Chemist: 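I am attaching a structure below and will ask some questions about it afterwards.
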Amino acid sequence: MKNILYIIGLCFLTISCQEVYNVDDLDADKTIPVIQGMITNGDEPTTIKVAYAQTFGETVNRAINDAEVVISDNQGNKAKLVGDAYGVYQVSKADFPSVPGRIYSVSVKLKTGDMFISDSVAMPMTPVLDSIYGRPSTNNKLIPNLNGEEKLVQYPALELMCALSTSDKDRMYNRFVVKAISQKLSSRVSSQKNPFPYNIYDWTSSSLLETDANQVASNMVNGMQVVASKHIGYLNYETVVKTDTTTDIVSYGWIVTAYVYRTSAQAFDYYSKIEKQLSAQNHFFDPVPSQITGNFKCVNNPQKLVLGFFEANSQIKKYMAFYWVPLMKSYVKKELSNFVDTVQNGRQTHQAPGFWVNF
Amino acid sequence: MSHFKFARLLLALLLTFPIVSSMYGQSPPEVLYTGKESQIPLSEFLLKVEKQYPVKFYFKPEWLVNYKVDVNATNRPLREVLDRLLYDKPYAYKQIQGNSYVLLPKDKLAILYGQMVDKSGSYGDFTTIMVGNPTDAGKSKIVTVKGKIRDGKNEEPLIGAILQIENTRINAASDNMGNYSFSIAPGIYTITASNMGYELGTYKVKIVSNGELMLDLYEKSLKIDEIVILAQRADRNVRNSQMSIVEMDSRAIKRLPSLVGEKDVLKSFTMMPGVKSVGEFGSGINVRGGGDDQNLYLIEDAPIFNTSHVFGLMSVLNPDAVSNVTLYKGHIPASFGERASSVMDIQIRDNAPKELHARGGIGVFDSRLLFDGPIIKDKLSFKLGGRIGYPNWLLKKTKDYYLEHSDADFYDMNALLNWNYGKNRFTAFYYDSYDKFKYASELAYEYKSKLGSLTWNRFWTSSLSSSMVLSYSLYNVRKDDLLDTTRQSRLNLQTQYAGAKFSTKYTAFTGHELEAGAQVINYESNPGEKTPLGLNLYNVVSTKLNTQKAYESALFISDNYELNSKITLNVGLRYSLYALMGPYKKYVYSSATGVVGLAADSVQYASGKIAQQYSGLEPRISVKYQLLPEMSIKASYNRNYQYLQLLSNTSIATPNDIWKLSDAFIKPLKSDQYVLGVYRNFLGNTMETSVEFYYKDLQNMQEFRNDAVVEMNSHVETALVNAKGQNYGVEFMIKKNAGKIDGWISYTYSHAYRQTSGRFDFDQINKNKRFPSSYDKPNDLTIIGNYHFNKRIVLSTNFSYSSGRPVTQPENSVSLADGNQYVLFSDRNKYRLPDYHRLDISLSIDESLRIKKKWKGSWTFAILNVYGRRNPYSVFYKKATPSINNNYRAFSMYDMYLIGSPMPVITYNFLF
């Protein structure tokens with residue numbers, strides 16, 4: 001009897017499943033403009049991207065490269081952004097400076113005559129990042145196999161956390177963009193072929209967070225706005241030190257670049273909706289969809305739909321280096337005053353690259 | 001074989017073939033008796049006759065041993081001699097085939113033949129039943145007959161059995177204790193008593209004065225006739241002034257196809273016209289386009305707020321415990337209120353069992369056991385049942401990571417105590433339900449319902465009765481958010497209901513059935529309390545939304561009035577008064593901006609003060625016009641107010657949806673429903689047909705704004721949009737009740753639309769254009785067919801088809817700088833899921849028909865979804881790791897289906 005029940009149960013549970021659902025006969029509007037942009041108090045140029053929304057399932061970028069994009073602030077400053085073929089419009093900080101506390105807005109005029117203007121957005125005061133720290137943990141990831149079945153893979157890792165606080169009464173809304181350069185130092189052992197040992201330096205760049213929509217809002221605790229511990233990514237390390245007979249891994253470390261954007265409640269809400277969509281929250285129950293519209297309006301035709309969001313964020317950047325000590329099962333960290341965060345993947349032998357951090 | 005045993009055997013045979021004696025038209029030769037006896041024991045006399053004549057008597061000797069008789073007859077018919085000997089004794093005889101005579105107590109023998117002894121003294125004549133005292137004959141022009149209709153086998157009262165007095169416009173139905181009464185002029189009448197699954201009883205009755213008429217009906221001897229699904233008398237659909245009513249009893253439910261190994265009382269109703277569910281599983285039901293929260297589910301008069309285990313896998317009702325379920329989907333009696341769409345009145349068996357019984361079942365996901373029996377014979381009885389679910393062990397065997405690391409458990413139990421004390425009946429009922437579900441390490445739900453009721457029924461006179469019900473219901477939800485270990489939190493919700501209802505029925509006026517009463521309900525709702533889990537004190541701040549309290553009270557009166565032999569009116573009026581009590585903070589929003597964002601101001605109402613008040617009249621009218629004996633037309637109008645609504649921003653209700661009391665912004669839901677129906681039976685009521693048209697106008701419905709946040713929202717009104725609704729449709733039903741092949745076909749064509757009329761963009765859905773609700777499935781077809789191989793083996797098929805439900809789908813996508821993309825969804829419910837259809841087949845082998853067998857087991861073997869249709873349950877957009885499953889695309893739409901291939905189900909039920 002028990003076996004019968006078991007078989008029946010398996011039948012039931014293995015036949016319930018998810019599958020890709022092809023949406024046929026879409027009645028999509030192909031003329032919905034999408035305007036996305038951000039101004040920060042950082043050094044990078046202010047960038048606005050203009051395109052038409054894609055039909056769902058479409059992969060072609062439908063850039064609008066002949067728009068007139070202007071940014072202005074509440075001090076009377078105004079600048080026209082210069083576009084490229086990909087619909088990316090930029091203005092340098094020299095031509096249009098950004099200062100926390102000022103209010104910014106963007107206008108976009110298309111060749112069709114439609115004029116879009118964003119809400120006026122105040123750039124908040126610069127956020128405070130108290131600390132970034134790690135804790136030994138396990139990075140659990142579901143990796144699909146060749147049959148598409150998701151299998152749990154567990155990576156030993158250092159889990160990165162951060163803490164923020166401010167005496168401001170206003171709630172802090174912070175968004176995080178975290179990248180890491182992993183640096184692996186190996187030593188080629190002497191052999192008949194290579195009698196002289198030498199060092200190998202490998203580095204790899206990666207984003208630690210799956211989405212830029214990783215954000216957190218603070219809570220008022222004892223008169224302070226506090227974010228006590230915010231997960232900002234995993235640094236996976238290798239537990240098997242010896243990878244081959246000719247190479248010994250000498251050390252394993254990471255250089256982490258953490259951008260913390262202090263943003264507005266509206267921007268926080270906007271990214272929350274994106275996160276909600278991507279993770280299909282509550283999908284078992286078929287929720288009312290999370291509709292994302294943004295903060296642009298069409299001036300000449302208020303009924304005209306426009307997507308996208310313009311945000312004015314203050315930011316701070318922090319560079320931290322972490323070094324994992326396998327034998328101690330612990331790590332060492334140090335804060336870097338500066339780092340060239342354009343470094344990508346690479347390998348070098350004998351001598352360390354210039355950005356290499358030695359512990 | 002002793003006389004007694006043989007008599008019992010004969011009794012059984014007679015139960016099986018009640019007309020056996022009349023079937024053989026050739027009468028045996030008359031036996032003429034000649035003899036003289038003095039003070040001889042009756043039993044001895046009969047044995048003596050047996051020796052002298054070619055006759056046989058069957059009786060229990062001890063019955064007769066104390067009776068001594070004198071006999072002196074010459075060539076007199078033996079029947080006449082017996083008549084004279086027995087007329088003043090509590091025994092009577094019945095001559096069966098040949099010259100065999102069965103002696104039984106008079107009441108037993110009368111019941112056996114669906115008759116009562118004529119008390120006028122014409123002994124031996126079982127054709128006419130005398131009701132009343134002959135000495136009172138002629139004293140009253142109108143007399144009242146009352147009595148009880150019981151199951152003759154176990155003396156349990158039969159609920160909803162129908163009495164009809166031929167050639168009059170009088171009929172009566174038994175109440176929940178089997179009692180009935182009617183008033184009529186003295187005279188001789190033919191009365192029929194019927195109940196689903198029982199032999200029709202026909203009685204010739206001579207009514208002389210006020211009196212009692214106790215009637216016992218017997219189950220149909222051929223069990224295959226139990227396949228009749230609706231617990232209705234054969235022509236009740238035509239005769240009854242009620243319309244849009246669906247009734248089902250436990251034996252009808254027993255025959256329905258099972259979904260996960262057992263019958264599901266609630267989901268069974270979705271096979272009826274006008275009743276649907278959102279998905280293959282899914283919580284609750286949708287009646288004529290209404291949400292699940294618009295249905296009042298009463299278990300022994302106590303409301304239950306969540307009717308599902310494991311998010312709709314099965315309903316919370318133990319099918320063994322349920323004796324009768326009635327769904328009012330159109331004309332709702334005035335004694336019921338509280339909800340806008342329907343009332344489901346669920347009765348746990350209200351019986352007086354003679355001996356202890358147990359029944360139960362073993363299924364894939366759960367097992368159940370139920371006991372019922374007497375504590376004090378005929379006075380005090382109990383019913384105690386429980387069910388425990390164990391889907392957990394199966395989850396562990398799946399290949400899906402999330403399911404494998406999930407836990408699910410549930411149980412429910414019910415207890416009922418029944419005490420008959422003179423003209424009083426007291427019933428105490430308790431129900432407890434618990435569910436736990438942990439989804440991997442992301443979410444954990446725990447929800448529980450506790451209900452109880454105390455009922456006192458009092459039968460003052462044969463035409464006056466009253467009942468008092470105290471009911472209580474508590475629904476608790478706990479949801480733990482575990483995904484982010486640094487922000488784990490717990491959400492608690494609670495809805496509490498305490499009610500008292502008094503009603504009285506009066507039936508002394510000819511053709512009238514009056515009912516009046518009052519009801520008061522106290523609601524208390526905790527819409528949310530969030531606390532940190534563990535030590536995450538800084539990241540999760542403890543928050544509690546204000547508890548809301550309210551009273552709903554109502555007065556009601558109704559009359560079922562038979563105007564003439566063709567027209568019956570059922571008129572009712574209910575007046576409901578609702579008051580939201582303080583402490584309550586009423587937010588004030590600027591008229592320039594509407595109800596959005598932060599309130600401009602607020603008004604605080606102190607504890608005990610009325611913060612908001614609503615009231616309304618709820619007329620309930622139905623009329624039946626009997627065109628032909630087997631055909632009628634009915635029409636009804638119904639208004640209902642609903643002061644408690646479920647705020648759910650999902651198509652499929654979740655356990656943590658919030659029950660919200662009406663307040664300054666959320667006005668009571670108002671429903672006006674108009675129904676017109678034509679009912680026609682054929683082939684001696686074995687074939688029923690009906691068509692019903694309905695139109696429902698709904699005001700103050702709550703729809704959700706896009707991205708509405710309900711959880712822990714102290715300004716929940718800013719998440720809602722006021723909408724009106726229009727539901728309309730036509731429902732067809734053809735049902736065959738008897739024969740080797742039976743079943744039914746039901747088809748509904750309907751629409752359920754919603755429309756906002758907001759001034760501001762955020763107060764509009766689809767720019768104020770009418771849109772279909774999630775329950776809008778225009779075409780809905782159910783075909784049920786059963787083939788009876790013999791008395792025990794039945795092959796059943798169930799085919800369901802419905803239009804796909806409306807969904808909102810992405811139309812555009814937007815690429816983001818980080819490589820992700822988000823989507824722009826269409827107008828609300830612009831698209832539809834693919835049509836739903838499914839075929840199930842089952843083979844049932846019933847328990848043994850042998851009466852003496854103590855342990856009786858039955859098996860059901862079924863294949864669900866025979867041709868493996870993958871009916872989408874929900875559709876959603878998400879990011880996933882590219883793999884072969886999603887064509888290596890990270891961003892796709894997915895559908896989730898629950899039974900994607902043929903699924904075998906086996907069930908074992910037992911009774912002892």
Side-chain angles (χ1 to χ4, degrees), chain A residues 4-5 8-21 23 26-29 32 34 36 53-56 58 61 142-144 146-152 211-212 219-221 226-231 273-274 277-280 282-292 307-308, chain B residues 260 311 364 394-395 397-399 401 403 484 486 536 538-539 541 649-654 704 706-708 807-818 820 822-825 872 874-879 881 883-887 892-901 903-906:
Chain A
I4 294 171
L5 292 177
I8 292 164
L10 284 183
C11 286
F12 174 70
L13 289 166
T14 52
I15 54 183
S16 61
C17 200
Q18 296 177 14
E19 64 184 4
V20 169
Y21 178 72
V23 185
L26 275 182
D27 179 25
D29 183 351
I32 302 170
V34 182
Q36 300 175 89
Q54 297 155 314
T55 299
F56 182 69
E58 191 181 43
N61 179 23
L142 293 175
I143 308 289
L146 289 175
N147 299 323
E149 292 167 1
E150 289 187 318
K151 297 288 177 190
L152 180 70
T211 167
D212 287 353
N219 288 313
M220 178 68 87
V221 179
V226 173
V227 174
S229 48
K230 166 67 184 158
H231 167 89
K273 290 171 185 172
I274 291 174
Q277 271 198 0
L278 293 170
S279 60
N282 226 11
H283 69 266
F284 277 131
F285 307 108
D286 204 3
V288 172
S290 183
Q291 194 71 293
I292 299 162
L307 301 176
Chain B
V260 286
F311 309 125
V364 176
L394 288 166
L395 290 173
K397 304 294 179 189
T398 60
K399 291 180 180 178
Y401 173 79
L403 287 175
D484 184 344
T486 66
N536 303 299
Y538 297 114
N539 291 333
V541 177
N649 61 350
T650 54
S651 299
I652 300 156
T654 71
F704 281 86
N706 289 327
D707 310 307
V807 287
T808 309
Q809 292 190 348
E811 289 184 332
N812 297 93
S813 61
V814 173
S815 297
L816 296 165
D818 60 2
N820 287 315
Y822 71 81
V823 293
L824 177 73
F825 285 91
S874 66
V875 176
F876 49 92
Y877 168 75
K878 73 168 184 177
K879 181 186 180 184
T881 309
S883 73
I884 193 170
N885 279 350
N886 50 31
N887 302 321
S892 303
M893 285 293 287
Y894 293 83
D895 68 55
M896 187 171 74
Y897 55 88
L898 297 175
I899 309 177
S901 58
M903 174 183 163
V905 169
I906 185 169

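None of the values given here were measured: they were computed from a predicted structure. Convention: sequence-line order gives letters A, B, ...; per-chain numbering from 1. Atom set for the values below is all heavy atoms of this structure, side chains included, hydrogens, waters and symmetry mates excluded.
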Chemist: Report the distance from atom CZ of F825(B) to atom CZ of F56(A), rounding to the nearest 0.5 Å.
Modeler: 8.0 Å
Chemist: Determine the option with the most heavy-atom pairs under 4.5 angstrom with chain B, choosing from L307(A), V227(A), I32(A), I292(A).
Modeler: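 Option with the greatest count: I292(A).
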Chemist: List in chain and number order the residues that pass side chain to side chain donor-acceptor pair (under 3.5 Å) with D895(B), two or more places apart in sequence or in another chain; answer none if no residue qualifies.
Modeler: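 Not a single residue meets the side chain to side chain donor-acceptor pair (under 3.5 Å) criterion with D895(B).
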Chemist: Can you find a pair of side-chain heavy atoms, one from Y894(B) and one from V20(A), that are under 4.5 Å apart?
Modeler: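 Yes; the side chains approach each other to less than 4.5 Å.
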Chemist: Taking C-beta and beyond as the side chain, do L824(B) and Q291(A) meet within less than 4.5 Å on heavy atoms?
Modeler: yes
Chemist: Looking at I143(A), D29(A), N61(A), which one has more heavy-atom pairs under 4.5 Å with chain B than the rest?
Modeler: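 The answer is D29(A).
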Chemist: For the backbone of L816(B) and the side chain of Q36(A), can you confirm whether one donor and one acceptor N or O come within less than 3.5 Å of each other?
Modeler: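 It does not hold such a pair.
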Chemist: Using only atom types and a distance under 3.5 Å, with no angle test, would you say the side chain of Q809(B) pairs donor to acceptor with the backbone of L26(A)?
Modeler: no
Chemist: What is the distance from atom CD of E811(B) to atom OG1 of T55(A), rounded to the nearest 0.5 Å?
Modeler: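 Between atom CD of E811(B) and atom OG1 of T55(A) there are 9.0 Å.
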Chemist: Can a donor-acceptor pair be found, under 3.5 Å and without considering hydrogens, that links the side chain of T486(B) to the backbone of S229(A)?
Modeler: yes
Chemist: Let me confirm one number: the OH-CD distance from Y877(B) to Q277(A), rounded to the nearest 0.5 Å.
Modeler: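 Between Y877(B) OH and Q277(A) CD, I get 6.0 Å after rounding to 0.5 Å.
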Chemist: Just so I know, are the side chains of V541(B) and M220(A) near enough to count as touching, which here means a heavy-atom distance under 4.5 Å?
Modeler: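 They are not in contact (no side-chain heavy atoms under 4.5 Å apart), so the answer is no.
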Chemist: If we define contacts as heavy-atom pairs under 4.5 Å, which of I274(A), D27(A), V34(A) has the most with chain B?
Modeler: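 Of the options given, most contacts go to D27(A).
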Chemist: Tell me which of these, L146(A), L152(A), V226(A), has more heavy-atom pairs under 4.5 Å with chain B than the rest.
Modeler: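 Between L146(A), L152(A), V226(A), the count favours L152(A).
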Chemist: Suppose we screen for side chain to side chain donor-acceptor pair (under 3.5 Å). Which residues come up paired with E58(A), at least two apart in sequence or across chains?
Modeler: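 For E58(A), no residue satisfies side chain to side chain donor-acceptor pair (under 3.5 Å) once neighbours in sequence are set aside.
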